[in-house]
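Heads up, the thing below is written out as structure tokens.
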Amino acid sequence: MTDTQRTQARTVTKAVIPAAGLGTRFLPATKAMPKEMLPIVDKPAIQYVVEEAVSAGLSDVLIITGRNKGNLSNHFDSVPELEFTLERKGDEGKLEKVHGSSELAEVHFLRQGQPLGLGHAVGRARCHVGNESFAVLLGDDLIDARDPLLDRMIAEHDARSATVIALMEVPWESIHLYGCAVAEETDDPDVVRVTGLVEKPSREEAPSNLAVIGRYVLRPEIFDILDELEPGRGGEIQLTDALNHLAEGKGEGPVYGVVFRGRRYDTGDRADWIKANVLLGVDHEELGQEIGDWILDFADRLRARRSGD
Ligand code: UTP
């Protein structure tokens, strides 16, 4: 989408990034640091997510923080002493990297207080978002910049006056790890009508293998639904429960899902985090060649070691 088309059609201007989870899957690394600050190659995961929001035209970004929020907010602030030193040394390259995060977007912060669930975190955004549709990008869910998704979701939201969620086909044996959509085909192979959502179903109970992933374009009515919601699975206020309410036709407007077929990494999961580092590392401008050569050599040694076992 061109910038002109975007400004003509733009109904969504704000992004909300919940980053207040406890990150227990990544302990002890996340004991004193939010998982969203874990680096992928040379940038913290949250910077990729803010960059994604900005490239979809959303430069007003609200990050919902929890404990250890200092690390997160510092990252988007300027650092005068560091900048001064780099300026004195004339190190333009590194200076650019420092400015990269502080000049990226208009970044706001809001505390969740207690981690009462993703739905609760999103509900906290009401005072900032007001009566507008908005995008939610989970701070630990990384969509590869080469496979843009959010622009498409916003376009579907605008065209269908709908809540739009992102879905991804996953192996049936993994569906119990995700929210799962009850989906009907539309005339577009990349878009489904969502008529229900089931949180982490067993393989036998799963209505599809379409998993909900961490991108949403929500209408402001979601706030009233979240306010009324009782704690669900795990005693948490679940965003999936509020979306299910809408999908079942109990709110205003339908729910559609955009089926994402690109590269995505759950950086809150240790194995996925390592894979993200490898996959983005081999394509990195400065490091790619060295990392790629090392991986090829290492793969040979690993194969030899395993065949000798
Ligand atoms: P997760 O369920 O992946 O986060 O939430 P978690 O609870 O930190 O995960 P564990 O402990 O490793 O299993 C998805 C997203 O919602 C945010 C998280 O920061 C993550 O980006 N979240 C979750 C909140 O902001 N607040 C919450 O209360 C819960």
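None of the values given here were measured: they were computed from a predicted structure. Every number for a ligand or one of its atoms is a count from 1 in the order of the listing.
- Residue contact annotation: G268 has no non-hydrogen atom under 4.0 Å from ligand 1.
- Within the 4.0 Å heavy-atom criterion, both parts of A20, backbone and side chain, lie near ligand 1.
- Counting only heavy atoms of the protein, atom 21 (O) of ligand 1 lies nearest to P18 O, 3.0 Å.
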Inset, instruction - Might you work through the ring-ring contact (aromatic ring centres under 6.0 Å, His included) test for F26 and W273, ending with a clear yes or no? - result: CA-CA 10 Å; F26 226 124; W273 177 81; 5.6 Å; yes
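- The side-chain contact (heavy atoms from CB on, under 4.5 Å) test with L149 is passed by exactly one of D144, V258, I154: V258.
- With a 4.0 Å cut-off on non-hydrogen atoms, Q114 does not touch ligand 1 at all.
- When hydrogens are left out, the protein atom nearest atom 23 (C) of ligand 1 is G21 CA, 3.8 Å; that is the closest non-hydrogen contact.
- Remark: atom 2 (O) of ligand 1 lies closer than 4.0 Å to no protein heavy atom.
- Nearest protein neighbour of atom 8 (O) of ligand 1, counting heavy atoms only, is G23 N, 2.7 Å.
- Nearest protein heavy-atom neighbour of atom 4 (O) of ligand 1: K35 NZ, 3.0 Å.
- With a heavy-atom cut-off of 4.0 Å, H120 does not touch ligand 1 at all.
- For L118, the closest heavy-atom approach to ligand 1 falls below 4.0 Å.
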